[in-house]
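Along the sequence shown, residues carry numbers from 1. Small disclaimer: the values here were computed from a predicted structure and weren't measured.
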Amino acid sequence: MQFNPKHEIWYEKYRPQNINDLILPEPVKTKLKEFIEKPFHLLLVSKTPGTGKTSTASALVKEGNFESLFINASLDNGIDTLRSRVIQFASTESVNGKDKIVICDEIENYSQNAGLALRGLIEEFSGNCKFIATCNYISKVLPAIVNRFCVFDYDKIYEDAKTMIPLIYERLKFILNNENVDYVSEDIIKAIKGTYPSFREAIGILQKSTISGKFEITEVGSDYGEIWEAIKTKNYENIVKAVYKCSNPDGFYTWAYEKLNADVNRKPTDYVSLAKYQYQGAFARDTSLNLIACCVELASH
């Protein structure tokens with residue numbers, strides 16, 4: 001695997017550079033390699049952040065040596081901006097004669113009108129330009145757009161934990177070995193179990209838990225107990241402190257759901273709050289801030 005030694009953040013340093021670097025089953029990689037030879041419109045879907053959607057798009061562009069345009073639909077979601085950028089990029093042929101690639105990240109954030117405009121652009125420029133789109137919630141994307149893409153559902157891929165966990169384990173072990181970090185296998189397994197299926201979170205745990213050349217962690221999620229106690233005592237200052245100490249904020253919602261099932265004193269509205277903030281977490285820039293808001297709401301019930 002290639003890596004960029006200039007990056008200090010491990011997830012960026014070890015971001016996949018080609019299809020073989022991707023943590024995916026071989027049949028999926030084989031299908032993606034067909035894209036290099038004959039590009040097609042591709043939609044990458046997963047509700048869980050950090051499973052590799054954007055990394056897959058980037059690896060395809062790099063390995064295929066395609067000219068590309070990246071559009072973040074969360075930021076550039078206006079119709080005029082979408083049209084002008086895509087038309088300017090796609091209206092000419094590439095230097096090397098290959099298809100050009102437009103990457104639309106988080107495509108579900110387009111309004112219905114912007115989505116219809118995108119559909120028109122796909123139809124108009126499909127002769128020399130292919131689109132790779134990512135999304136968290138495919139139900140929010142216009143069916144007329146989805147039908148034009150070959151869909152890769154990463155949530156379904158990660159349902160096969162028996163296949164995926166060994167692949168993640170080997171990559172994490174590679175990273176630790178390359179960083180000259182001492183470790184025991186049990187700690188790597190703890191990191192995977194506490195963050196699965198988010199590979200990005202697992203790498204984050206590795207880097208945060210490596211001190212003086214040694215990787216060592218307790219059970220991932222053990223710090224959730226401190227957050228829960230602050231919620232129950234309505235100690236808002238401790239909520240903030242505990243959340244920002246938390247290594248995996250996104251994992252709290254599932255943990256808390258199980259905690260609610262065992263606590264007869266909690267209210268039904270607590271489930272509503274957890275579901276709401278778990279959903280918002282997929283779009284939040286600061287996942288810790290999103291979790292703090294959730295905890296404050298739970299404490300106020």
Side-chain angles (χ1 to χ4, degrees), residues 45-53 106 108-109 135-140 153-165 168 186-206 208-209 217-301:
V45 182
S46 175
K47 297 183 182 70
T48 305
T51 52
K53 301 186 297 293
E106 299 184 351
E108 71 269 33
N109 289 310
C135 77
N136 299 304
Y137 298 96
I138 194 170
S139 61
K140 297 179 66 177
D153 189 334
Y154 281 61
D155 291 332
K156 290 183 179 179
I157 292 172
Y158 274 81
E159 283 178 1
D160 184 8
K162 289 184 178 180
T163 296
M164 296 304 299
I165 287 178
I168 295 173
E186 289 77 6
D187 283 339
I188 298 179
I189 294 172
K190 288 178 185 178
I192 295 173
K193 286 184 175 180
T195 59
Y196 191 84
S198 178
F199 175 60
R200 181 168 61 210
E201 288 287 347
I203 296 181
I205 292 293
L206 255 64
K208 291 177 184 178
S209 302
I217 61 172
T218 56
E219 293 292 340
V220 178
S222 60
D223 43 7
Y224 297 154
E226 186 177 346
I227 298 174
W228 193 252
E229 185 61 29
I231 292 172
K232 292 174 67 176
T233 58
K234 301 184 184 298
N235 190 323
Y236 298 104
E237 183 178 351
N238 283 351
I239 285 175
V240 175
K241 290 180 180 178
V243 168
Y244 275 109
K245 285 167 52 181
C246 180
S247 57
N248 180 31
D250 288 331
F252 174 81
Y253 305 102
T254 300
W255 182 92
Y257 169 74
E258 296 174 354
K259 195 75 173 178
L260 284 176
N261 289 337
D263 189 344
V264 295
N265 296 316
R266 301 307 299 181
K267 300 177 180 179
T269 50
D270 292 342
Y271 292 98
V272 177
S273 295
L274 283 177
K276 177 176 68 176
Y277 285 98
Q278 184 181 48
Y279 172 79
Q280 291 178 183
F283 311 100
R285 292 188 180 183
D286 188 335
T287 55
S288 293
L289 179 58
N290 185 69
L291 178 54
I292 288 172
C294 177
C295 294
V296 169
E297 190 167 301
L298 289 171
S300 67
H301 290 166

List the atom of [X], the atom of [Y], and the distance in Å for their closest heavy-atom pair.
{"X": "Phe252", "Y": "Ile231", "answer": "CZ-CD1, 4.0 Å"}
{"X": "Ala202", "Y": "Ala191", "answer": "CB-O, 4.4 Å"}
{"X": "Gly281", "Y": "Thr287", "answer": "O-CG2, 4.2 Å"}
{"X": "Ile157", "Y": "Met164", "answer": "O-CG, 3.6 Å"}
{"X": "Ile217", "Y": "Lys190", "answer": "O-NZ, 3.6 Å"}

Would you find a donor on one side and an acceptor on the other, under 3.5 Å apart, between the side chain of Glu108 and the backbone of Asn136?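 Yes: the side chain of Glu108 pairs with the backbone of Asn136.
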Tell me, do [X] and [Y] make a side-chain contact under 4.5 Å, heavy atoms counted?
{"X": "Glu229", "Y": "Asn238", "value": "no"}
{"X": "Ile168", "Y": "Tyr196", "value": "yes"}
{"X": "Leu291", "Y": "Tyr253", "value": "yes"}

Value rounded to 0.5 Å, distance of [atom1] in [X] from [atom2] in [Y]:
{"X": "Asp187", "Y": "Ile205", "atom1": "CG", "atom2": "CD1", "value": "11.5 Å"}
{"X": "Tyr154", "Y": "Lys47", "atom1": "OH", "atom2": "NZ", "value": "15.0 Å"}
{"X": "Asp160", "Y": "Ile165", "atom1": "CG", "atom2": "CD1", "value": "9.5 Å"}
{"X": "Ile239", "Y": "Tyr244", "atom1": "CD1", "atom2": "OH", "value": "13.0 Å"}
{"X": "Asp153", "Y": "Glu159", "atom1": "CG", "atom2": "CD", "value": "7.5 Å"}
{"X": "Gln280", "Y": "Gln278", "atom1": "CD", "atom2": "CD", "value": "11.0 Å"}

If you count heavy atoms of other groups shown closer than 6.0 angstrom to [atom1] of [X], is the number above 12?
{"X": "Tyr257", "atom1": "OH", "value": "no"}
{"X": "Lys140", "atom1": "NZ", "value": "yes"}
{"X": "Lys156", "atom1": "NZ", "value": "no"}

Which pairs would a plain distance check flag for residues 293-301, meaning a side-chain donor or acceptor within less than 3.5 Å of a matching protein atom at least two apart in sequence or in another chain?
residue	atom	partner	partner atom	Å
Glu297	OE1	Lys276	NZ	3.0
Glu297	OE1	Tyr277	OH	2.9
Glu297	OE2	Ser273	OG	2.7
Glu297	OE2	Lys276	NZ	3.1
Ser300	OG	Glu297	O	2.7
His301	ND1	Asp270	OD1	2.5
His301	NE2	Glu297	O	3.3

Evaluate the ring planes of Trp255 and Trp228, with Trp represented by its six-membered ring, and classify them as parallel (under 30°), tilted (30 to 60°) or perpendicular (over 60°).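 Trp255 vs Trp228 ring planes: perpendicular.
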Option passing side-chain contact (heavy atoms from CB on, under 4.5 Å) with Val243 (candidates Asn290, Ile227, Leu289):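 Option passing the side-chain contact (heavy atoms from CB on, under 4.5 Å) with Val243: Ile227.
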